[in-house]
Amino acid sequence: MDLKLLYYLRDCLEDAAGAGTDRLGDDFRLLGAVEGFASMASDGGDGERVYTEVCELMTARPEDKPRLLLRALETIAGVARRHGESDVPGELRPLFPGVGRCVKASYSQLRPLMAALESTGLARITILEEFWAEHPEYFEDYRVLPYLAAALGDTREETEELFAAVLNKLGKRAVPFLEHGFLPEAPEGKREMERRVYWIARLAGAEANEWLLSVLPDCRREVREAVICALGVSQDNAALLRELCQTEEGRGRDAALRALANMEDDESRAFWMDELEKRPDCPSCLEGVNSPLAADMAAQALHSAYSEALERGAEEVSQAELLTLVHAVYAVYGKYSDALRQEWLWCAGHMPEFHRIHPKQNVRHWDMTAAELLEKCLMETVLWNPCEEVRALALELGESYPNWFLGGAVLSELIVRPGEAFGRYGKYIVKNGLLHRETPTERANRVQIMCALAAVRMDKENGRHIPFSQKDALTGAPVAKRYRMQQLDPRWAETLASDKVNTDGAVFDLENAWTMTKLMLQPEWIE
């Protein structure tokens, strides 16, 4: 059947209907289309059926024509579906099973989004953000999803955040199209394959374990490391991960250790305990992992590193000794357990001794004392994981050891109850006068509070928030995060803007702080 004649006849019927069914016989274009389609009737079958119904329509009584017109159009639509074909060159590809949906948008409307996902320039970020703001449903269309999967290799932070929002919205529905087209040994685009593994594990969890085990033997280099890290989603992989710790080397072994830190069995705990004794740098594999085993191992690493520093009795540490302390402290970020709480209390009792431990003069890129490492660690832990237990620990340490940990307590209040923070901690910022000068203890408390307030950011687009960076639980890679805050107490602004408040030791420019405090007093600027 000549589909061009069929479509032409359909278009003529629709156009003529617009002028009224009583004038169908006067439309010369429709009459010509019927006459041209007569050759299709001689073949019998669908062509004859269409021709017969159209001829009946043209000769029917006026009151019957609307009904017969709808019947003829319905018949033409059914014939077109049965005999439909595409003249577009290229190989036909099957659709992904159970993924995506067909949105009410033509190909021409979706094509700019597909082109932006295909390109690599900076200009595409603006296009993608506009589509996400105005038509987020376009990203779920089955025609767009293959382009989205191929674009996962982009390393720009803006696109990663956007793709994360899209994939989180899709949820488990995204897993089939991420698995489809996965190339474990692809020499190019390995970043894309790494991200596919990451999102499959994140969205499907333990349900992805069978697929992860099936692709592991064929994976190489960075993609293999990503798969090994993802094996931590299932407790059934404990024995395999311990075996991989024995057979893998370099980054692959670190990935196996990281995944093993998510296990809960006694054998995995014993393996990690033995690893802590052998390798001073292995706590770096625990960064971002928040399992009970990881928290207990971080507590063990912290106690080992700091107790050894006390036993040495030296106030200056070498580069290697410093790195041992740094790895142990960074492993604690965001974690909590009973064992870790006990280590925090032990460290708090030795803070004056730790404050005297500092890097040697020739140690580069670090000028913090062992005590200042712990101060920063508590604030980062509050940011990463402001759960009830962590906040209670921060408040306890802040009340008992304000010279060292008041900043962590203030930050925990700013995140959860910013309106009440001044009433509790504003008293620690004293003003100089004729009869009073800030004491060393008061100065230490003020600097702690300023460290916490320095985390607050204000802007018209994002509102009042606290930005921070944490490590992803699966990969250990930095991830930008932020807490959107409620209104702060205006008395912070009045206090910080006073010319009687000492500013030495502040960790931020007071001029910027003044801008911040002015914005505290103008909540109407915040959407």
Using 4.0 Å as the upper bound for N to carboxylate O, is an ion pair formed by [Y] and [X]?
| X | Y | result |
| --- | --- | --- |
| R224 | D218 | no |
| E192 | R196 | yes |
| D254 | R279 | yes |
| K104 | E137 | no |
| K335 | E380 | no |
| K172 | E207 | yes |
| E249 | R253 | no |
| E287 | R258 | no |

Would you please say whether a donor-acceptor pair under 3.5 Å links the side chains of [X] and [Y]?
| X | Y | result |
| --- | --- | --- |
| N209 | D236 | no |
| S291 | N262 | no |
| D472 | Y198 | yes |

[Y] backbone acceptor or donor facing [X] side chain under 3.5 Å:
| X | Y | result |
| --- | --- | --- |
| R269 | M297 | no |
| E53 | T75 | no |
| R10 | I76 | no |
| R195 | G153 | no |
| N237 | L231 | yes |
| N168 | A164 | yes |

Check [X] against [Y] and note the closest heavy-atom contact, atom names and distance.
| X | Y | value |
| --- | --- | --- |
| G408 | V382 | O-CG2, 3.9 Å |
| T381 | Y333 | OG1-CA, 3.7 Å |
| N290 | G334 | OD1-O, 3.5 Å |
| C285 | V289 | O-CG2, 4.1 Å |
| F139 | L128 | CZ-O, 3.8 Å |
| W272 | C282 | CH2-O, 3.6 Å |

Determine whether [X] and [Y] make a side-chain contact, defined as any pair of heavy atoms from C-beta on separated by less than 4.5 Å.
| X | Y | answer |
| --- | --- | --- |
| L152 | L167 | yes |
| L411 | L378 | no |
| P136 | K169 | yes |
| K471 | Y330 | no |
| L9 | L5 | no |
| L30 | D15 | no |
| L325 | L373 | yes |
| I200 | V197 | no |

Residues in side chain to side chain donor-acceptor pair (under 3.5 Å) contact with [X], at least two apart in sequence or another chain:
| X | answer |
| --- | --- |
| S268 | R242, D265 |
| S108 | S106 |
| D266 | none |

Q. Given the rule in the side chain to side chain contact (heavy atoms under 4.5 Å, CB included) test, do Y8 and R29 qualify, once you have shown the distances and angles that lead to the verdict?
A. CA-CA 10 Å; Y8 182 67; R29 290 180 64 250; 3.9 Å; yes
Q | Criterion ring-ring contact (aromatic ring centres under 6.0 Å, His included) on W211 and F182, from CA distance to verdict | A | CA-CA 11 Å; W211 179 83; F182 177 76; 5.0 Å; yes
Please report the interatomic distance [atom1]([X]) to [atom2]([Y]), rounded to the nearest 0.5 Å.
| X | Y | atom1 | atom2 | answer |
| --- | --- | --- | --- | --- |
| L203 | L170 | CG | CG | 8.5 Å |
| E222 | E194 | CD | CD | 5.5 Å |
| Y336 | N385 | OH | CG | 11.0 Å |
| L286 | L276 | CG | CG | 7.0 Å |
| F163 | W132 | CZ | CH2 | 11.0 Å |
| S284 | H327 | OG | NE2 | 5.0 Å |

Q: Could you give me the CA-CA distance, side-chain angles and deciding distance for D296 and L340, then say whether side chain to side chain contact (heavy atoms under 4.5 Å, CB included) is met?
A: CA-CA 6 Å; D296 289 346; L340 199 49; 6.0 Å; no
Q) Just wondering, more than 12 heavy atoms not from E267 lying within 6.0 Å of its CD? A) yes
Q: Please lay out, stage by stage, how W344 and C377 fare under the test side chain to side chain contact (heavy atoms under 4.5 Å, CB included).
A: CA-CA 10 Å; W344 272 112; C377 179; 3.7 Å; yes
Q. Does the side chain to side chain contact (heavy atoms under 4.5 Å, CB included) test come out yes or no for L395 and S412, once each step is laid out?
A. CA-CA 8 Å; L395 293 175; S412 67; 3.9 Å; yes
Q.
Using a 6.0 Å distance limit plus a 45 degree cone around the ring axis, check whether R111 lies over the aromatic ring of Y107.
A. no
